[in-house]
Amino acid sequence: MTIILTPYWSNGVQKLKLSQPPAAPKRGLVPPQLDHEIHVQRCLEQLRSKDKNLEKYIYLSHLKTEDPSMFYRLCLEHMAEITPIIYTPTVGDACLNFSHIYRRPEGLYISIQDKGKIGSVINNWPKIDEARISVVTDGSRILGLGDLGVNGMGISIGKLSLYVAGAGIRPDSTIPICLDLGTNTQRYLDDPFYLGLRQKRVGDAEMEAFMDEFMEEMSRAFPKLMIQFEDFSTDNAFKYLERYRHKYPVFNDDIQGTGAVVLSGFLNAAKLSSAASGLPLTEHRILFFGAGSAGVGVASQLMSFFTLLGMTEDQARRKIYLVDSQGLVYDARGHLAEHKKYFSRDDYRGPPITNLLDIIQYVKPTALLGLSTISGAFTVDVLDAMAAINPRPIIFPLSNPVKLSECSFSDAVEITQGRVLFASGSPFPAQQFGGKTLYPGQGNNMYIFPGLGLGAIIARVSEVTDSMVEASSLGLANSLTDEERSIGLLYPRIERIREISVFIAKEVIRAAQKAGVDRSPALRTKSDSELMRFISQRMWNP
Ligand SMILES: NC(=O)c1ccc[n+]([C@@H]2O[C@H](COP(=O)([O-])OP(=O)(O)OC[C@H]3O[C@@H](n4cnc5c(N)ncnc54)[C@H](O)[C@@H]3O)[C@@H](O)[C@H]2O)c1
Ligand SMILES: O=C(O)C[C@H](O)C(=O)O
Ligand SMILES: [Mg+2]
């Protein structure tokens, strides 16, 4: 065993020492026939023997603390099998039940009661010098599951496991963080096992002062750290991204990571769709069902891409139609939340159109993107309508976890007679249609954040620019192999994530250099292939 564990009760946080060379086990302390390769199979057999995914999640969490190398080896060698357990969709169940399945501390908890002394809490983190990447949530909008309070820690942990597996970030340079600002979910406040503060969420002004202190103390304690904001409720997601994005290296995964991954899948889908319809890329119309942080994040990314095609900003903006819980978003509807105003239509005057089918008849979209958290919203009639308008309709039900998906892959395939260009937030199985195997894409920001974070860390960026996010998106779109394209994939196979992360990281570093936000000047003189080799060599391997 190469891992030295300090008992977690010694300082409240378990210490893992992964970078040590393997020490030969002392005779008698391990069984005589502990063959490492067979042990991999043993672990897999133990995992597969569990019949519930949540049990598999618990088993893998335990393995991660006991034997991180084995955990990450399984992740890397069985990516397609393990990812849905440690990440979406099972991580959703794990978060819902976090206070019940909790066994030992992992990550850093900072609560509103720490206000005024956040720095001293942060300094309790045992790996101060090594910290490079943190995923920070306040638990207020975990996937589409709502306000889970401190139970949201599971999402920070899950994202960082993918950073390690997908981009070779060293495990002990990651910090999962959950900010406990209370929860408005009564069933947690009433639950004796709930691990967070038993109080309602604090007001805006109190949260703002807390966040300012938190960010200031984080940058003081961890000068080389990059922060990913995750699953903040809509208004706060936009607000805190804007507040800190030019001051610290920070990005919001739901707004920017999702924008990048969906633009990438859209580009690959639009090429296939245009090939079938003859419609140029500039003639596409995109309908967003859901106008929250993810919907508007994706809309902004698509819009800025259209401007690269030579359109004016106004022409590009008009490609986008938003739908929220009150129907089509348009100016004459009355008061609109700030983040919806930019894409609100001025060419529709009313009456309100609330039915998705009516909206589809009005807009005639080439692409329908779901970021609404409304399970099954893309009904048979909706899919039928999309198939009637488009030879190859682009249909992306992106809400997570899988039970909130706007439609399933099998329905989309069946109703469009196999013509659909499909990507979903959570994984679906492949389908047989007309003697062919059809594969769903997984339009999940997990393809973006590992490579984006890796590039940002290696270039030691002072901020994450829009151009870096765009570079990650185009890098992903261009990373498909001929074989992947030949079978109609919109995203590369997840098993290639490390290779893809290197490519994305290289693109991100080049964009950072162009924007002048990089702080590793030596990388500027490297050729692309030297830079990719350099990035690969920096990756941690189990
Ligand atoms: N695939 C990915 O990588 C990815 C990334 C981020 C978010 N998501 C998923 O997207 C979903 C939304 O996330 P978010 O951060 O934008 O949440 P959000 O709460 O900010 O936005 C939800 C949006 O859906 C709209 N909505 C709610 N009910 C509706 C209804 N009945 N009809 C039409 N619209 C309705 C709301 O008005 C709001 O605009 C979540 O399920 C989340 O898991 C997926
Ligand atoms: O966590 C995910 O699976 C994707 C995304 O960040 C989400 O909030 O749904
Ligand atoms: Mg998220």
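Counting starts at 1 for both ligands and their atoms, in listed order.
- The protein heavy-atom contact nearest to atom 5 (C) of ligand 2 is N445 ND2, 3.4 Å.
- Polar contact check, D254 against ligand 1: no nitrogen or oxygen pair lies under 3.5 Å apart.
- Compare T373, T258, L143, T137 by their heavy atoms: the one nearest to atom 7 (C) of ligand 2 is in L143.
- The name of the N, O or S atom in E230 nearest to the Mg ion (ligand 3) is OE2.
- With a 4.0 Å heavy-atom cut-off, ligand 1 is reached by no atom of M446.
- Shown in contact with D231 at under 4.0 Å from a heavy atom are these atoms of ligand 2, numbered in order with element: 8 (O).
- Each of the atoms 8 (O) of ligand 2 lies under 4.0 Å from some heavy atom of R141.
- For F428 and F409, the gap between ring centers reaches or exceeds 6.0 Å.
- Heavy-atom contacts of D254 reach the following atoms of ligand 2: 5 (C), 6 (O), 7 (C), 8 (O) (cutoff under 4.0 Å).
- Between the side chain of R419 and the backbone N or O of A387 there is at least one donor-acceptor pair closer than 3.5 Å.
- Here F288 and Y321 keep their ring centres 6.0 angstrom or further from each other.
- Remark: ligand 2 atoms within the under-4.0 Å shell around heavy atoms of E230 are 6 (O).
- The contact set between ligand 2 and K159, taken as ligand atoms under 4.0 Å from a residue heavy atom, comprises 1 (O), 2 (C), 4 (C), 5 (C), 6 (O).
- Shown in contact with T88 at under 4.0 Å from a heavy atom are these atoms of ligand 2, numbered in order with element: 1 (O), 2 (C), 3 (O).
- Contacts with ligand 2 closer than 4.0 Å are made by no heavy atom of I142, backbone or side chain.
- Taking the Mg ion (ligand 3) as reference, the nearest N/O/S atom within D254 carries the name OD1.
- Within the 2.8 Å limit, D253 places no N, O or S atom next to the Mg ion (ligand 3).
- Of the protein's heavy atoms, T234 OG1, 2.6 Å lies nearest to atom 20 (O) of ligand 1.
- When non-hydrogen atoms are compared, ligand 2 lies under 4.0 Å from neither the backbone nor the side chain of V91.
- Of all the listed residues (V261, I374, L143), L143 holds the heavy atom that lies closest to atom 42 (C) of ligand 1.
- Among heteroatoms of the N, O or S kind in D231, OD1 lies nearest the Mg ion (ligand 3).
- Taking every heavy atom of D253 and a limit of under 4.0 angstrom, the matching atoms of ligand 2 come to 6 (O).
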